[in-house]
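Take a look at the structure set out below.
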2 protein chains.
Amino acid sequence: MNSLALLKSNKLSQTSSRIDILEVFLESDTGLTEKEIDERIDSKYDRATVYRTLKIFREKGIIHPIIAENEMTRYVLKKDPVEHIHFKCELCGNVFCLTEVNISGIKLPKGFIKKEANFLISGMCPGCN
Amino acid sequence: MNSLALLKSNKLSQTSSRIDILEVFLESDTGLTEKEIDERIDSKYDRATVYRTLKIFREKGIIHPIIAENEMTRYVLKKDPVEHIHFKCELCGNVFCLTEVNISGIKLPKGFIKKEANFLISGMCPGCN
DNA sequence: CATGTTTTTGCGACTTTGTTGCAAAAATAG
DNA sequence: CTATTTTTGCAACAAAGTCGCAAAAACATG
């Protein structure tokens with residue numbers, strides 16, 4: 001995937017900060033916090049800019065959040081639009097999108113209307129095991 | 001449920017802060033943030049005390065956390081030890097423990113070992129619908 | 001490619017959540 | 001009742017995230 005094309009297809013202006021931050025995501029296979037992004041771009045941009053960029057990427061559906069306990073929100077590139085489980089390894093810290101796990105069987109009781117879902121399982125990943 | 005007995009059975013000393021905070025939980029059917037607890041006890045105790053109390057209650061398994069995006073951690077009394085989904089209504093803010101939804105069908109791929117799970121669905125509850 | 005308009009950025013100040021060390025106060029054990 | 005242990009309040013702190021505003025960069029258009 002190309003960062004310039006990705007910005008274009010989402011109708012986002014091509015600023016260096018957006019390109020750089022997007023490239024960080026493209027090069028990472030893990031969920032990233034704002035802090036981790038900041039490190040990887042050597043604090044080249046203001047924290048406010050990074051936060052604003054993350055917000056926009058999210059609204060566009062380029063990235064999606066992983067919400068874990070006692071942790072800052074992490075983001076990963078949204079490769080698969082299908083709703084899925086996230087797995088966070090407690091040892092290496094890696095976050096995996098388990099798109100192969102079927103969660104379509106989860107049905108809410110009458111009257112509950114789903115808008116968004118967030119499933120996170122933590123434990124040990126195959127690599128650390 | 002009685003707050004004094006609950007403290008005793010968990011081998012916690014009976015301080016007025018623990019009793020009061022536990023009572024707030026016993027009287028609430030919603031997940032509560034530290035701030036909300038603070039309001040309900042009229043800031044009778046220091047914030048640090050409330051945080052420390054929440055931590056201990058959690059370690060003892062008296063309460064359990066609800067982790068939602070862009071939200072402070074909420075806690076609810078752990079009535080049912082069975083793993084379950086939480087539902088958060090975006091309108092009224094109420095959090096429901098959907099113990100009736102069966103999630104035992106969720107199986108992780110080979111090599112992944114589950115330690116903890118956090119399932120949160122947000123949307124609209126029957127009351128607001 | 002020059003220029004006017006729109007969008008984005010950096011800065012700084014701020015809010016909120018949550019933590020920690022330490023001395024005083026309260027709870028508990030005997 | 002008293003000694004010991006635990007808990008509390010205070011104050012200071014750290015880190016995440018937001019916001020207004022002026023400057024800078026990107027973009028559209030001729």
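Here is the naming used below: chain letters follow the sequence lines, and residue numbers restart at 1 for every chain. These numbers come from a predicted model, not from an experiment.
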Can you tell which of [options] lies closest to the side chain of [X]?
{"X": "A/Arg18", "options": "C/dT19, C/dT28, C/dT8", "value": "C/dT8"}
{"X": "B/Thr49", "options": "C/dG10, D/dT6, D/dT8", "value": "D/dT8"}
{"X": "B/Lys35", "options": "C/dT17, D/dC10, C/dT9", "value": "C/dT17"}
{"X": "B/Tyr51", "options": "C/dT20, D/dA16, C/dG18", "value": "C/dG18"}

> Among the clusters formed by ILVMFWY side chains lying less than 4.5 Å apart, do A/Leu7 and A/Tyr75 turn up in the same one?
Replying inline: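 As far as the 4.5 Å side-chain criterion goes, A/Tyr75 and A/Leu7 are connected within one cluster.
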>> Side chains of A/Ser17 and A/Thr15: any donor to acceptor distance under 3.5 Å?
In response: yes
> So, does the side chain of A/Arg47 form a donor-acceptor pair with the base of C/dG12 at under 3.5 Å?
Replying inline: no
> Can you find an N or O donor on one side and an acceptor on the other, under 3.5 Å apart, linking the side chain of B/Arg52 with the base of D/dG9?
Replying inline: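 Yes.
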Whole-Å gap separating [atom2] ([N]) and [atom1] ([X]):
{"X": "B/Ile67", "N": "C/dT17", "atom1": "CD1", "atom2": "P", "answer": "17 Å"}
{"X": "A/Ile21", "N": "C/dT8", "atom1": "CD1", "atom2": "C1'", "answer": "12 Å"}
{"X": "A/Leu54", "N": "C/dT8", "atom1": "CG", "atom2": "P", "answer": "15 Å"}
{"X": "A/Ile19", "N": "D/dA26", "atom1": "CD1", "atom2": "C1'", "answer": "11 Å"}
{"X": "B/Lys55", "N": "D/dT8", "atom1": "NZ", "atom2": "C1'", "answer": "15 Å"}
{"X": "A/Tyr45", "N": "D/dA24", "atom1": "OH", "atom2": "P", "answer": "17 Å"}
{"X": "A/Glu59", "N": "C/dT8", "atom1": "CD", "atom2": "C1'", "answer": "14 Å"}
{"X": "A/Glu36", "N": "D/dG17", "atom1": "CD", "atom2": "P", "answer": "12 Å"}

> Roughly how far, to the nearest 0.5 Å, is the CZ atom of B/Phe87 from the CD1 atom of A/Ile113?
Replying inline: 7.5 Å
> Any side-chain heavy atom of A/Ile63 sitting closer than 4.5 Å to one from A/Lys78?
Replying inline: no
> Relative to the 5' end of DNA chain C, which residue comes earlier, B/Asp46 or A/Thr53, by the nucleotide with the nearest heavy atom?
Replying inline: A/Thr53
>> I want to confirm an ordering. Mapping B/Leu12 and B/Met72 to their closest nucleotides on DNA chain C, which one lands closer to the 5' end?
In response: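 Whichever sits nearer the 5' end wins; that is B/Met72.
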> Given D/dT7, is OP1 or OP2 found less than 4.0 Å from the side-chain N or O atoms of B/Ser13?
Replying inline: yes
> Does a side-chain N or O from B/Thr15 land closer than 4.0 Å to OP1 or OP2 of D/dT6, or not?
Replying inline: no
>> If you assign each of B/Ile56 and B/Asn70 to its closest nucleotide in DNA chain D, which residue comes earlier from the 5' end?
In response: B/Ile56
>> Donor-acceptor check, side chain of A/Lys107 to backbone of A/Ser104, threshold 3.5 angstrom: yes or no?
In response: yes
